[in-house]
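Structure, as structure tokens:
A quick note: this is a predicted structure, and the numbers were derived from the prediction, not measured.
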Amino acid sequence: MMGYGPQAGMSGLLKEGTKQLSGVEEAVLRNIDACKQLKTILCTSIGPNGMNKMVKSHMGKMFVTSDAATIVRELEIVHPAAKLLVTASDSQEQECGDATALVIVLAGELLEKAEDLLRLGLHTSDIIQGYEKAGLEANRMLPNLVSYELGDMKNVSEVSHALTSCIASKMHGLEDVIAPLVADACISILPANINTFSVENVRVTKIPGASVSDSMVIKGAVLTSNTQGVVKHVRDAKVAIYTCDFEMGQAETKGTVLLTSAQELLDYNKGEERNLEQKVKDIVDKGVNVVVSTKFGEVAAHFLDKYNVMMVKCPSKHEMRRIARSTKAIALPKLQPPTIDEIGKCDVVNVEEIGSTKCIIFKQEQEGSRVATIVVRGSTTNVQEDVERCVDDAVHNYRGMSRDPRFVAGAGASEIEVARFVDKMGEKAPGLDQYAIRKFAEALQIIPRVLAQNSGQDPGVMLSNLIAAHEGNNPYIGVDIDEGTICNAMDKQIVDHLATKMNAITLATEAACTVLRVDQLIMAKAAGGPKPRDMMGPDDADEAP
């Protein structure tokens with residue numbers, strides 16, 4: 001009887017059903033092609049004139065947006081090489097909150113230029129070495145191009161001016177409305193140590209109706225609900241927050257009560273009610289006149305109304321945490337009278353009607369609040385969600401400004417200037433990596449080219465005009481999307497945050513080099529078993545029409 005003989009080659013090494021691709025043609029170029037496709041999707045969404053993408057998620061929700069972070073998150077990309085670019089953009093989103101599209105588009109353009117060099121016969125190690133040198137040179141040059149530095153982090157007009165470009169790139173035409181709102185909200189909660197500014201303290205509440213220009217900032221927390229009792233307005237509020245249900249407590253252990261008559265039953269119920277009323281009275285004696293809880297029982301609500309205490313039902317733990325942060329209260333897990341340190345304070349707690357929506361507003365008028373809420377109005381849900389994403393990016397930008405207040409010229413001016421220096425560096429480089437360095441300089445030109453293309457201009461003509469202007473020692477010349485010509489970005493007040501741009505270039509370079517380092521793809525066979533049914537798709541039992 002013959003023994004088992006393993007198969008020769010890779011098929012004998014790996015489990016049955018495993019696929020493997022290796023070499024430049026099969027692995028490297030296929031990875032580059034996947035990244036190019038992702039870059040192509042996002043290219044048309046860059047800049048103030050960027051187009052929206054309509055994405056339907058696996059849950060059936062529709063997204064209409066030009067925000068790169070939202071697009072790549074909802075696309076559910078499965079290609080491993082393209083996922084590396086998505087991971088880099090996620091890192092940019094978490095670190096800076098802006099320029100996620102720049103990371104993917106620049107990395108995709110670098111890989112496209114690398115494909116040309118690979119077809120010319122250059123080895124991937126030479127390309128990687130050149131890209132890494134060029135990336136370091138680009139980040140070394142950018143601080144020398146600083147054109148504006150934010151002087152006062154608490155000046156609303158200065159901060160609005162610094163945030164205008166970030167907002168205009170996403171909501172062109174509304175930057176003059178949104179920028180002052182974000183600036184006011186951020187400054188109102190700015191701590192003494194500006195480096196400890198937290199983006200979590202600026203929240204957005206969406207209320208349908210009116211227009212975006214009717215949006216407002218409220219120094220405090222906002223809940224889109226009504227109070228449960230008859231009390232609708234409290235001034236100089238003392239707030240107690242309970243994470244448990246505010247009702248008759250249940251025993252911690254199970255027990256049996258033997259009742260022999262109807263009178264005993266009545267006495268038992270009255271005894272429980274007296275205990276609950278005593279608890280409410282003890283809480284009121286501490287000065288509390290506003291109670292926040294996840295749920296209020298009917299009997300508890302009766303006693304709270306009896307003692308003129310406002311009841312705020314808040315089932316969301318996140319909203320409860322914001323109320324606690326705004327009022328400086330400490331949430332209690334058990335129904336008990338709070339201590340002085342556990343009671344929060346608020347100047348005014350009242351119910352207001354914004355549009356046709358009842359809102360509970362915890363407003364701090366005298367002392368500074370730790371939470372600010374931007375109430376976003378809008379005609380449609382898509383508009384409100386776009387404004388919310390724009391506000392989130394602007395708040396992240398303010399956090400970045402609090403750490404590094406330096407800015408460079410926008411509108412593609414800084415990219416052209418850096419590309420010019422990197423190209424000169426490539427001319428002087430002695431080795432084969434000089435070709436990769438010069439390709440890196442060409443890849444940096446993708447931003448002004450895309451800005452011109454998305455605004456309906458000829459990108460070739462615009463790029464040649466920009467390069468000629470920069471050669472004439474005009475480092476602030478960028479793309480004017482309104483007039484279709486070149487302009488001085490500083491005269492137009494178009495600036496980009498330095499640290500955000502440097503971080504984006506670093507991540508894009510690292511992502512491109514990581515993809516180029518992969519020379520073999522090994523994919524195991526998918527796990528067995530039936531696949532989950534598509535809830536939005538047709539049923540197998542449905543008859544064809």
Side-chain angles (χ1 to χ4, degrees), residues 39-40 42-51 98-99 101-110 112-113 116 131 134-135 137-148 164-166 168-169 172 406-427 436-498 500-502 504-505 508-509:
K39 182 206 81 170
T40 305
L42 295 180
C43 264
T44 55
S45 296
I46 286 182
N49 290 337
M51 303 298 287
D98 197 14
L102 174 59
V103 174
I104 293 178
V105 170
L106 180 57
E109 187 70 9
L110 287 171
E112 190 170 341
K113 299 297 182 186
D116 298 337
Y131 277 0
E137 177 67 14
N139 279 340
R140 189 185 66 80
M141 280 303 307
L142 272 172
N144 299 331
L145 302 177
V146 170
S147 57
Y148 173 73
T164 297
S165 297
C166 166
S169 64
H172 187 42
R406 294 178 295 171
F407 290 82
V408 294
S414 56
E415 284 86 354
I416 291 290
E417 190 68 12
V418 170
R420 198 163 64 90
F421 283 102
V422 172
D423 190 60
K424 289 180 179 178
M425 171 191 167
E427 289 177 358
I437 295 173
R438 301 193 69 178
K439 286 292 184 182
F440 189 99
E442 290 180 24
L444 284 172
Q445 298 172 1
I446 183 67
I447 298 302
R449 190 188 310 131
V450 166
L451 288 175
Q453 190 170 343
N454 290 348
S455 59
Q457 311 304 322
D458 186 334
V461 174
M462 184 68 73
L463 206 57
S464 61
N465 291 339
L466 282 173
I467 293 171
H470 280 258
E471 290 292 343
N473 199 23
N474 293 310
Y476 302 146
I477 299 298
V479 179
D480 188 341
I481 61 168
D482 296 323
E483 302 295 332
T485 58
I486 59 176
C487 68
N488 189 313
M490 297 311 301
D491 292 344
K492 291 269 187 178
Q493 298 183 349
I494 306 171
V495 292
D496 289 337
H497 189 230
L498 172 65
T500 300
K501 193 173 287 290
M502 289 177 66
I505 291 175
T509 307

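Nearest heavy-atom pair across Y476 and V146 is OH-O, 4.2 Å. Pairing each heavy atom of G108 with each of K39, the nearest pair is C-CD, 3.7 Å. Summarising the geometry of A508 relative to V103, their closest heavy-atom pair is CB-O, 3.5 Å, with the distance given to 0.1 Å. Of all the heavy atoms in L106 and A443, the pair that sits closest is CD1-O, 3.8 Å. A489 and G410 make their closest contact through CB-O, 3.6 Å (heavy atoms, listed as atom of the first residue, atom of the second, distance).
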Derivation and outcome, side chain to side chain contact (heavy atoms under 4.5 Å, CB included), residues M425 and M141: CA-CA 11 Å; M425 171 191 167; M141 280 303 307; over 6 Å; no
Stepwise side chain to side chain contact (heavy atoms under 4.5 Å, CB included) test for R420 and I467: CA-CA 8 Å; R420 198 163 64 90; I467 293 171; 5.9 Å; no
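Looking only at distances, no side-chain donor or acceptor of N454 sits under 3.5 Å from a matching main-chain atom of P48. Panel note: side chain H470, backbone I477; a donor-acceptor pair is recorded below 3.5 Å. A donor-acceptor pair is defined here as one N or O able to donate and one able to accept, closer than 3.5 Å; such a pair exists between the side chain of Y131 and the backbone of L110. Between the S414 side chain and the A409 main chain, a donor and an acceptor come within less than 3.5 Å of each other.
R438 pairs by the salt bridge (Lys or Arg N to Asp or Glu O under 4.0 Å) definition with D423, E427, not counting sequence neighbours. In this view, T44 and K53 satisfy the side-chain hydrogen bond (donor to acceptor under 3.5 Å, both in side chains) rule, not counting sequence neighbours. Partners of N465 by side-chain contact (heavy atoms from CB on, under 4.5 Å), not counting sequence neighbours, listed by chain and number: V461, I486. Contacts of E442 classified as salt bridge (Lys or Arg N to Asp or Glu O under 4.0 Å), with partners at least two apart in sequence or in another chain: K113, K439.
Going from atom CG of N49 over to atom CD1 of I481 covers 4.5 Å, rounded to the nearest 0.5 Å. In this structure, CG on L102 lies 12.0 Å from CD on E109, to the nearest 0.5 angstrom. With rounding to the nearest 0.5 angstrom, the CZ atom of F421 is 13.0 Å from the CG atom of L444.
For the side-chain hydrogen bond (donor to acceptor under 3.5 Å, both in side chains) condition, the pairs that include at least one residue of residues 489-498, sequence neighbours left out, are H161-Q493, D480-K492, D496-K501, H497-T500. Pairs passing the salt bridge (Lys or Arg N to Asp or Glu O under 4.0 Å) check and including a residue from residues 453-466, sequence neighbours excluded, do not occur.
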